[in-house]
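A short write-up of the structure that comes next.
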2 protein chains.
Amino acid sequence: MSRLLKHVEIREYVRDLVQGSAPGTAAPSERDLVDRFGVARMTVRQALDALVSEGVLERHPGRGTFVAVPRRLPTGVSSFTEDMAAKGIVAESRTLVAERVRPTESLLVALRLRPDDMVVHWRRLRLADGRPVCISDAFLPETMVPGLLEKLPASLYDDLASRGRRPTWAEDDVAARTATDAEAELLEIPVGGVVLTRSRRALWRETPVEVSRTAFRGDQHSIALLLRN
Amino acid sequence: MSRLLKHVEIREYVRDLVQGSAPGTAAPSERDLVDRFGVARMTVRQALDALVSEGVLERHPGRGTFVAVPRRLPTGVSSFTEDMAAKGIVAESRTLVAERVRPTESLLVALRLRPDDMVVHWRRLRLADGRPVCISDAFLPETMVPGLLEKLPASLYDDLASRGRRPTWAEDDVAARTATDAEAELLEIPVGGVVLTRSRRALWRETPVEVSRTAFRGDQHSIALLLRN
DNA sequence: CAGTGGTCTAGACCACAGT
DNA sequence: CTGTGGTCTAGACCACTGG
């Protein structure tokens with residue numbers, strides 16, 4: 001039995017229907033969906049609104065609703081595992097810390113938590129073809145990823161995706177500094193070597209899902225970006 | 001005479017009301033707005049939906065609607081001059097090199113030039129409130145900016161804008177390394193200090209406009225980004 | 001012309017917050 | 001308890017598009 005909200009049910013129905021269709025293909029009209037699901041038109045519109053704001057559909061007044069031209073191609077909010085796979089490199093990671101902690105004040109704000117909420121802290125050394133690439137600290141609301149610590153996934157973003165919470169956008173801040181001694185040792189670079197750091201707040205729709213800080217080996221890595229106005 | 005749609009009128013009313021309020025401040029409740037404007041609740045919700053998706057407001061079921069924690073500003077393809085102005089800082093620059101040169105092979109490709117085309121090379125030391133921030137080398141097709149060298153503008157992107165060629169998108173590559181001796185001296189950092197580098201190819205529509213390489217003082221500067229899927 | 005999406009009404013019941 | 005946002009109904013009129 002479907003315990004879904006109606007507008008969710010309709011949204012997923014249309015999403016499946018449209019999956020893989022060429023841009024410009026007509027989607028069912030709002031009144032068609034009203035008849036098919038026996039709901040009010042506002043409910044159908046609520047479902048289609050979501051798909052439009054996701055960039056799946058486009059509305060054309062007086063004509064209909066159509067599959068949208070594909071969105072922004074490039075990385076967007078990318079996952080380390082995917083970035084490496086795209087280069088044909090096998091990504092590995094070694095868990096250094098996986099714990100349940102009380103959030104700091106800044107985490108509380110960034111993740112939009114309530115005072116008693118706990119966060120999951122996961123620190124990993126990440127490797128490509130067996131060589132250290134970066135150290136990352138990820139912080140996630142415990143309620144967002146129940147059971148994560150009991151069974152650490154191979155890819156955090158894959159895990160979030162399976163929970164329907166893959167980040168849709170992120171705020172990044174990129175900087176450079178010298179490595180701490182601990183970082184230098186883990187990354188196998190000289191003490192005082194250069195690291196490229198990335199602070200990220202990743203969100204799904206309007207909900208913060210992850211805050212992370214990553215330090216990349218400066219001598220090997222760079223961050224590629226595509227910016228649009 | 002206001003020819004505004006009701007939901008637009010309500011949206012702008014709330015936007016003004018909330019302008020400058022601290023995050024967490026309560027916005028009018030939906031039923032308040034229904035009374036104030038004499039409209040149906042769906043109409044009010046339509047107005048608030050827009051503000052929520054803009055990140056201006058947050059909804060908290062059972063509690064109310066509140067001013068959202070501010071997002072970082074979207075960057076898009078930003079200009080140094082504009083970035084500084086946004087922070088209330090006076091940007092200056094000191095021209096180190098301004099010349100007409102034959103393009104290297106990689107510039108020829110990146111700027112999509114023909115073999116005999118020349119490029120303008122402009123190197124600047126850029127300062128904020130009188131202190132060095134970065135060194136940038138910009139390369140532009142000569143045909144794109146005739147007369148630039150005869151009258152160097154205060155802001156390159158302003159100049160491009162006045163020619164109708166302001167970059168609409170860019171490919172950036174961000175990395176970290178130690179400064180060269182020359183860079184260290186200009187940036188007033190210790191020899192061997194850290195710099196954050198950005199290689200950019202900026203395009204207007206599908207036409208390459210600029211290739212630049214910039215080295216920022218790593219101890220002071222970071223690059224803020226907004227990524228979307 | 002009939003069909004589309006855009007806007008809007010005037011209600012309703014629900015789950016949830018805080019008092 | 002009251003008030004909040006979340007969902008939903010069953011209509012309505014409009015401007016616009018296409019045939």
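The shown structure was predicted, so the numbers you read here are calculated from the model rather than taken from an experiment. Naming: A, B, ... by sequence-line order, numbering from 1 per chain.
Put simply, CD1 on B:Ile10 is 12 Å from P on C:dT7, counting in whole angstrom units. In this entry the distance linking CZ of A:Arg114 with P of C:dC16 reads 12 Å, nearest Å. A:Glu30 has its CD atom 16 Å from the C1' atom of D:dC8, to the nearest Å. B:Gln46 has its CD atom 16 Å from the C1' atom of D:dC8, to the nearest Å. For B:Lys6 and C:dA10, the NZ to C1' distance is 12 Å, given to the nearest whole Å. As a whole-Å value, the separation of A:Phe37 CZ from D:dT7 C1' is 16 Å. Computed from coordinates, the B:Leu51 CG to D:dG5 P distance equals 13 Å when rounded to whole Å. Taking atom CZ of A:Arg41 as the reference point, atom P of D:dT7 lies 19 Å away to the nearest angstrom.
Mapping A:Pro61 and B:Gly64 onto DNA chain D by nearest heavy atom places B:Gly64 closer to the 5' end of the strand. Nearest-nucleotide positions on DNA chain D place A:Arg31 closer to the 5' end than the other of A:Arg31 and A:Gly62. Residue-to-nucleotide proximity on DNA chain C shows that, of A:Thr65 and A:Met42, the 5′-proximal contact is made by A:Thr65.
Salt bridge status for A:Arg15 with A:Glu12: present, with a side-chain N to carboxylate O gap under 4.0 Å. Checked for salt-bridge contact, A:Glu99 and A:Arg123 miss the test: no charged N lies under 4.0 Å from a carboxylate O.
Taking only side-chain nitrogens and oxygens, B:His7 comes nearer than 4.0 Å to OP1 or OP2 of C:dC8. Proximity of A:Thr43 to the phosphate of D:dT7: no side-chain N or O atom is located under 4.0 Å from OP1 or OP2. For B:Ser29, no side-chain nitrogen or oxygen approaches OP1 or OP2 of D:dG3 to under 4.0 Å.
Distances from the side chain of B:Val39 to the nucleotides C:dT9, C:dT7, D:dT9 place C:dT9 closest. Of the candidates C:dA17, D:dC8, C:dC8, C:dA17 carries the atom nearest the B:Arg63 side chain, counting heavy atoms from C-beta on. You'll find that the side chain of B:Ala40 is closest to C:dT9, out of D:dG6, D:dA10, C:dT9.
Under a cutoff of 6.0 Å and an axis angle of 45°, A:Arg63 and A:Phe66 form a cation-pi pair.
Screening B:Arg200, B:Arg213, B:Arg201 against B:Asp172 for a salt bridge (charged side-chain N to carboxylate O under 4.0 Å, His left out) leaves a single residue, B:Arg200.
Checking D:dA10 for Watson-Crick or G-U wobble geometry (two distances, each under 3.5 Å) identifies C:dT9 as its partner. The partner of C:dT19 is absent, by the rule that a Watson-Crick or G-U pair needs both atom distances under 3.5 Å.
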Exercise. Decide side chain to side chain donor-acceptor pair (under 3.5 Å) for B:His7 and B:Glu9; before the verdict, give the C-alpha distance in whole Å, the side-chain angles of both, and the deciding distance to 0.1 Å.
Key: CA-CA 5 Å; B:His7 80 262; B:Glu9 183 186 350; over 6 Å; no

